[in-house]
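Every chain is numbered from 1 and lettered A, B, ... according to where its sequence line falls, protein lines coming before strand lines.
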Amino acid sequence: MSAPEIFLKPYNPKEQEAEVLALWEKSDYTNPDTCVKRGVTKPDAEAYSIVLPPPNVTGVLHMGSALMVVIEDILIRTARMQGKRTLWLPGLDSAAIATQAKVETDIYKKEKKTRHDLGREELLKRITQFTDESKATIINQLKRMGASLDWSRYAYTIDEARSAAVAEAFVRMYEAGLIYRGDRIVNWDPKGQTTISDDEIVYEERRAKLYTFKYAKDFPIAISTTRPETKVGDTAVAVHPNDERYAQFVGKEYDIVFCDVPIHIKIVADESVEKDFGTGALGVTPAHSITDWEIADRHNLPRPQVINEYAKMTVEGRLKDLKTKDAREAVAAWLKEEKLLEKEEDVPQNISTAERTGGIVEPLPKRQWFVNVNVKFKNQKSKLGNVKPGQEVTLKELMRTAVESGAIKIIPERFEKNYYHWIDNLRDWCISRQIWFGHRIPAWHHEQKCIPKQGRESDVGKCIPLVVRVEKPICQFCDAEYEQDPDVLDTWFSSGLWTFSTLGWPQETSDIKTYHPTSVLETGYDIIFFWVARMILMSGFLVGQVPFRKVLLHGIVRDGQGRKISKSLGNNIDPLDMGEKYGMDAVRMSLIAGMAPGTDSKISEEKVRGYKHFANKIWNITRFVLENANGRGDNAEITRKEDRALIAEAETIAKQVSQHIDTFRLDLAADAIYHFVWHRFADEIIEESKSILKGGGEVADSRRSTLYSLLSTCLKLLHPFMPFVTEAIWKELPHKDAELLMIARWPRYTE
RNA sequence: GGGCGGUUAGCUCAGUGGUAGAGCAAUCGCUUUACACGCGAAAGGUCACAGGUUCGAAUCCUGUACCGCCCACCA
C-alpha cells in the first residue's frame, strides 16, 4: 500500500494553500444558501451568524485583525461543520476621519493643496479613488488568512444600502425625539477642525503652571487656574456652599476690567467646588470648560465665547487674535505687572488631546446634533431585556437592561462592570462631525429668505426652516431646494447599525429574520464602549432586538516577550509574511495558543515555527496511515476491544474540544487536540500499531480501520484551527463522508 | 482618586480545595524504513509576600508589595 506521492515530501504550505483556497472558492460553501441548496445544511437548521468587525478599507491586515479573523473563523467553521446554518458576513469600514486625514495629507504633500482648495466634491472623488485602490489589498489578505466569509453579502460602511439605512435611522430617531440639535459645549479639535466625542480623547500628562491670583486689586477672592487666558470669559466665581471663608460674598457682583477686557463676575455657591483645592474658589468660564458650563446652567449665567475654532482669542485689547498659548503668557505677564499674581507653581496636568490628530482639545460651545440618552421613549417592539412593549424607557436604560437581563452575555464577564460604569457616566452623544467624508446628516435647511411665488404671498413666513427626512425637500412656498446640513455623522453612528444594516435593514429581509440577532460579536476589548454599546443602543431602538447574544472580547497581540508591537521597538510581525514563510495554519495556531478571552495574545517567530512543525507532523501521520491503511478505509469493521477503546478515547477528545469551543476557550480546545494528535495518536498509538500491523490477520485489519478513523476524526477537530493542511490532506483521502472537509460532519460524542 | 487584571519551571502560560502541568528553550542519548519540521530520557518550581479558614490551600478570605490596563479628573 502506498500513500499519494505528495506525502513523500514535507508539507509545503505555499503550494497546498493556493490549491485549497481555489477549492473553497469554487465550492461557494461559505454562502449558507448554497449549503442549503446542496443539502449540506438542513433548511430549518439553527442559524449561527457573525458579522466581521469591518477592517479599515485603506489598511493592511495586521496581527490584531488577524487574531480577530482567526477567532471568528474557528467559531464559524465549527458551527458550519456542526450543521448550523452559518453566515459570516464581511465588510469594510470607510473610517471617515482617518481616511480623510490620510488623503488630505497625501494631497498636501504632492500638490500643496488643502481640502478647501479642492472643494467637497473633488476631495470626495479623490478619497473614493484611494479607497477603491486599497480595498482589494485587504480583501485579498482576509481570503489568504483562510477566512470563510460569505463575499456575496459584502458590505461597505458608506455604500448605497448602508447610507439608506443610516438616513432612515437618523430620521426615525429624530422623530422619536432621541436626536436633537443644540448649543452645547463640545470637544473641539482645532487641528482636525471638527468636534470629537468624549471617547476620542486621549489624555497626555504634561507639566503646567498653576497661577493663583485675583481678577483685580479690589476683588475679594483669589482663584487658581492653569489657563489664565480663559479668564476673560469668566462670568462667575464659584465657592462651596459650606465654605465659611467666602459665605459673606455669595450673591455679590463685580465689574472688572481684566487684561483690557471688561468682565462681570457674580459670586455663586455650587456643590461641585472642592473646598480644599487651591483657594477653594473656582473662576467659572462657561464657554470653555465642561464643568463650568454645567455650573452656568445651574446659576443661569451668561456664556461669552472668547476662543475661536482656531484656538485664537476673540476678545479686544492686547489678547486679540493671540493663540491660546501666547495669550496665556500675555495674561501671566499682565498679572505680574499689575501685582495681582499671588502664586505660580509647577503642577503635572492631564491635557485632552484628539486621538486622531494629536491636537489639543478646546472645549467650545457649538451648535451640534446630539443623541439624547436620557429622554424616555415608548418601546414599540417586542420585549427587550426587562423592558416590555409599550413601556417607557431611555436609551441608557435600554443599554443597561440588555446586559443586566442576560439577553447579552459579555465574555469575559468582568467587562460587564466596565460596561455599566461607562453607561452610568454617559452624557448625550455628539454625533455631528465637521469633515466631508462620511454619512451626510439627513437634515435640510431653508434658512435664507423665503420669497413665496405669486399667489402664495399669504404664506409669507410659514415655511419650515429645518426639515429632517431622507429625501431633499423643496419649499412649497418659493419652490427653492433645501440645502443639506454640511456636517457628517460620527462614524460610530453608522457602525452602530452594522449587525442589521448589513442584513438589509430597513427592509424586512429574510436575512434579518434568519440571522438577527447575530450569535456572537467578537472584537477587541478596546472598542467595547465605542462600538458594542452603540450597537446595543441602535439595535434596541430601531429593530427591537439585541444585536447579538454574546460579546466575545480579545486583547491585543504582543510580541514573544509580551511587549506592545511598536515601530520604535521594530518588533512588528506581519501575519502575511509569517504565513508565507511557515504557512497560515501555523500563524493561526500561534495566535490562539495560550490566549484566554479578554487577555492579550503573544506571537513570536519561534512560536509560529513550532506550529509549522505540527502541520508537518499531521502530514506525516497521514502518510503512515495511508501507507498502512489505504484500501481498508473506515468501512471495515473495528472488531477489537482495544480499538473500540481508542475510538472512544477520540470521542472524549471531540467532546473536550467542542466544549472548549462552546465556552470560547479556543486556547484550551487547540491545546487539547494538539496534545492528542501529537503525543497520543502519533507517539503512542501509531508506535504500538507498528507491531500490531506486522502481525497481520483480523487484529491488524481492525487496527487499520481504527487508525484511519482516528485520522479522520483528528482532521475534523483540527480543521477550524488549521483549515489549510487538514483540507489539503482530506482531498487525498480515499474514503470520506464529505467532498470537502469544511462541510464534513463534526465528530459525534455523547454528552 | 475609583475600578479591574496579573504575579506558578529560564521564557510564554494552563491549572481555582485533595501527592505541582503544557509548549518553547536549555541537557543527554538516538542513521529506531511516517516524520531530524523527528524519537527517547533526564533535569528544572518553598505556586510574589504575610496572616487567616480548613483534616488539607497555588486554589477560598484579609492585608501588603510590585507589574499592567481601564475610567474619572482639581479649576
pair_partner(B:rG40), Watson-Crick or wobble, both distances < 3.5 Å, evaluates to B:rC28
Between CD1 of A:I685 and P of B:rA34 the distance, given in whole Å, is 17 Å
Between B:rA75 and B:rG1 - C1' atom distance, rounded Å: 16 Å
A:K694 atom NZ is separated from B:rA34 atom C1', nearest whole Å, by 14 Å
- Task: Measure from NZ or CZ of A:R588 to the centre of the six-membered ring of A:F721, then state whether that distance is under 6.0 Å and the direction lies within 45° of the axis.
- Result: no
Side-chain contact check for A:N616: nearest option of B:rA34, B:rC35, B:rG5 is B:rC35
Between CZ of A:F624 and C1' of B:rC35 the distance, given in whole Å, is 11 Å
**Request:** Could you give the distance separating B:rG51 and B:rG56 at their P atoms, to the nearest angstrom?
**Result:** 16 Å
Pair A:R400 + A:D424: basic N to acidic O under 4.0 Å:
yes
For B:rC11, the nucleotide meeting Watson-Crick or G-U wobble distances (both under 3.5 Å) is B:rG23
Determine the interatomic distance between C1' on B:rA58 and the same-named atom on B:rG17; round to the nearest Å. 11 Å
Margin query: Between A:K14 and A:E580, does any side-chain N to carboxylate O distance fall below 4.0 Å?
Written below: yes
Problem - P-based separation of B:rG44 from B:rC60 [nearest Å] - result: 28 Å
**Prompt:** When you measure from the centre of the six-membered ring of A:W293, is the NZ or CZ of A:R303 under 6.0 Å away and within 45° of the axis?
**Reply:** yes
Rounded to whole Å, NZ of A:K612 lies from P of B:rC35 at a distance of 15 Å
Any strand, both distances under 3.5 Å, Watson-Crick or G-U wobble: B:rC69 pairs with B:rG3
Under 3.5 Å donor-acceptor, A:D428 side chain and A:V373 backbone: yes
Its contact letters, B for base, S for sugar-phosphate only and - for none at protein heavy atoms under 4.0 Å, make nucleotides 66-75 of chain B read -----S-BBB
Which of B:rC37, B:rC4, B:rC35 is nearest the side chain of A:R414? It is B:rC4
Taken to the nearest whole Å, CG/A:L666 to C1'/B:rA14 is 15 Å
| task | For B:rC49 and B:rC67, measure between their C1' atoms and round to the nearest Å. | result | 15 Å
Taking a pair to mean Watson-Crick or G-U wobble geometry with both distances below 3.5 Å, B:rG63 pairs with B:rC49
Could you tell me how far B:rU19 sits from B:rA57 if I compare only their C1' atoms? Round to whole Å. 14 Å
Could A:E688 and A:R703 be called an ion pair, given the rule that one side-chain N must be under 4.0 Å from one carboxylate O? yes
Per the under-4.0 Å heavy-atom filter, residues of residues 603-611 of chain A near RNA chain B come out as none
note: A:H675, atom NE2; B:rA14, atom C1'; distance rounded to Å ~ 12 Å
Rounded to whole Å, CZ of A:R623 lies from C1' of B:rC37 at a distance of 14 Å
Subject >> Between B:rU16 and B:rU59 - C1' atom distance, rounded Å >> reply: 4 Å
Close N/O contacts between protein and nucleotides 39-43 of chain B (under 3.5 Å):
from	atom 1	to	atom 2	distance (Å)
B:rC39	OP1	A:K617	NZ	2.7
B:rC39	OP1	A:W678	NE1	2.6
B:rC39	OP1	A:D683	OD1	3.2

**Prompt:** With the threshold set at 4.0 Å, does a side-chain nitrogen-carboxylate oxygen contact exist between A:E416 and A:K409?
**Reply:** no
>> Taking the C1' atom in each of B:rA48 and B:rU8, what is the distance between them to the nearest angstrom?
In response: 10 Å
Below 4.0 angstrom, N of the basic side chain to O of the carboxylate: do A:E5 and A:R623 qualify?
no
*Is the shortest side-chain N to carboxylate O distance from A:D243 to A:K275 below 4.0 Å?*
no
Output for pair (A:D683 CG, A:W678 CH2), nearest 0.5 Å, gives 8.5 Å
In Watson-Crick or G-U wobble terms, with both distances under 3.5 Å, the base opposite B:rC55 is B:rG18
Next on the checklist: Between A:K231 and A:T285, is the side chain to side chain contact (heavy atoms under 4.5 Å, CB included) condition met? List the steps.
Outcome noted: CA-CA 7 Å; A:K231 297 293 107 183; A:T285 322; 3.3 Å; yes
Are A:K550 and A:E522 close enough for a salt bridge, meaning some N to O gap below 4.0 Å? no
In whole angstroms, the gap separating C1' of B:rC35 from CD1 of A:I686 amounts to 10 Å
Between the OG atom in A:S590 and the CD1 atom in A:I573, the distance rounded to the nearest 0.5 Å is 9.0 Å
_At 4.0 Å (heavy atoms only), tell me whether A:L668 reaches a base, stays on the sugar-phosphate, or touches nothing._
sugar-phosphate
